[in-house]
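Reminder, nothing fancy here: chain letters follow the sequence lines and each chain counts from 1.
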Amino acid sequence: DAKTTQPPSMDCAEGRAANLPCNHSTISGNEYVYWYRQIHSQGPQYIIHGLKNNETNEMASLIITEDRKSSTLILPHATLRDTAVYYCIVSGANNAGNMLTFGGGTRLMVKP
Amino acid sequence: NAGVTQTPKFQVLKTGQSMTLQCAQDMNHEYMSWYRQDPGMGLRLIHYSVGAGITDQGEVPNGYNVSRSTTEDFPLRLLSAAPSQTSVYFCASSYSTSTGRKLFFGSGTQLSVL
């Protein structure tokens with residue numbers, strides 16, 4: 001699976017959009033970009049994933065650049081409950097065991 | 001719908017003791033896995049299973065055993081606990097689709113080895 005690079009920490013004002021970047025310059029054609037988050041030592045929670053096209057669900061939007069070498073997770077109206085560590089993961093659909101490799105992530109602090 | 005259930009939530013062991021961390025899922029997922037998370041670190045894969053009767057090693061398997069006799073259960077056994085195994089352990093289950101996969105995590109077991 002390709003490696004990812006994320007900033008270690010970010011701040012965001014409550015009510016504003018949080019834009020979390022992720023670089024994955026070695027991504028290959030069949031690899032997906034996944035985002036998970038972990039709130040205060042709870043189990044990680046799935047947010048969203050995509051292959052090429054931008055994706056949106058009830059939690060967030062995922063913007064993937066045309067060359068697929070980077071992506072941005074957007075939380076449109078961040079709340080204090082969005083304070084968490086956000087993990088960007090790149091993995092192929094044929095990854096053995098269906099497992100994902102979690103790196104260090106970005107610690108997002110949403111401030112009042 | 002309980003999802004992924006881990007027991008116990010907290011455990012303290014003495015060096016050399018053995019124990020089993022339990023994990024059960026009720027979503028009929030074929031894939032299950034165990035991760036450990038040390039303070040301030042990401043998750044590291046210990047063992048995983050692609051179905052009943054099939055297991056394989058992850059990134060950090062030493063000192064741990066697993067088995068998968070049923071689709072629902074995936075226990076993690078510590079054979080002889082060491083202080084280096086002090087960590088938070090997460091179990092996850094997942095299914096595969098043509099558009100990727102989602103992992104569903106349990107709430108974790110916090111283990112301290114003295």
Candidate pair B/T109 and B/T7, rule side-chain contact (heavy atoms from CB on, under 4.5 Å), full reasoning: CA-CA 7 Å; B/T109 294; B/T7 56; over 6 Å; no
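- Taking the six-membered ring where the residue is Trp, A/Y46 and A/Y36 present perpendicular rings, their angle passing 60° and hence far from 30°.
- Taking 4.5 Å as the heavy-atom cut-off, the residues of residues 61-88 of chain A that approach chain B are A/Y87, ordered by number.
- Each of A/P44, A/G43, A/G105, A/G103 has some count of heavy-atom pairs under 4.5 Å with chain B, and the biggest count is that of A/P44.
- In B/R44, the CZ atom is crowded: over 12 heavy atoms of neighbouring residues, nucleotides or ligands sit closer than 6.0 Å.
- Within a 6.0 Å sphere centred on CZ of B/R77, heavy atoms belonging to other residues, nucleotides or ligands number more than 12.
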Using side-chain contact (heavy atoms from CB on, under 4.5 Å), reason through A/F102 and B/F90 one step at a time and then give a plain yes or no. CA-CA 12 Å; A/F102 289 76; B/F90 291 102; over 6 Å; no
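- B/M27 and B/Y95 fall within the same hydrophobic cluster, where Ile, Leu, Val, Met, Phe, Trp and Tyr residues are linked whenever their side-chain heavy atoms come under 4.5 Å apart, directly or through other members.
- Using a 4.5 Å cut-off between heavy atoms, B/Q6 makes no contact with chain A at all.
- In summary, of the residues considered (B/Y89, B/Y64, B/F105), a ring pair (Phe, Tyr, Trp, His ring centres under 6.0 Å) with B/Y35 occurs for B/F105 alone.
- Ranked by heavy-atom pairs under 4.5 Å with chain A, the first of B/V4, B/L45, B/L43 is B/L43.
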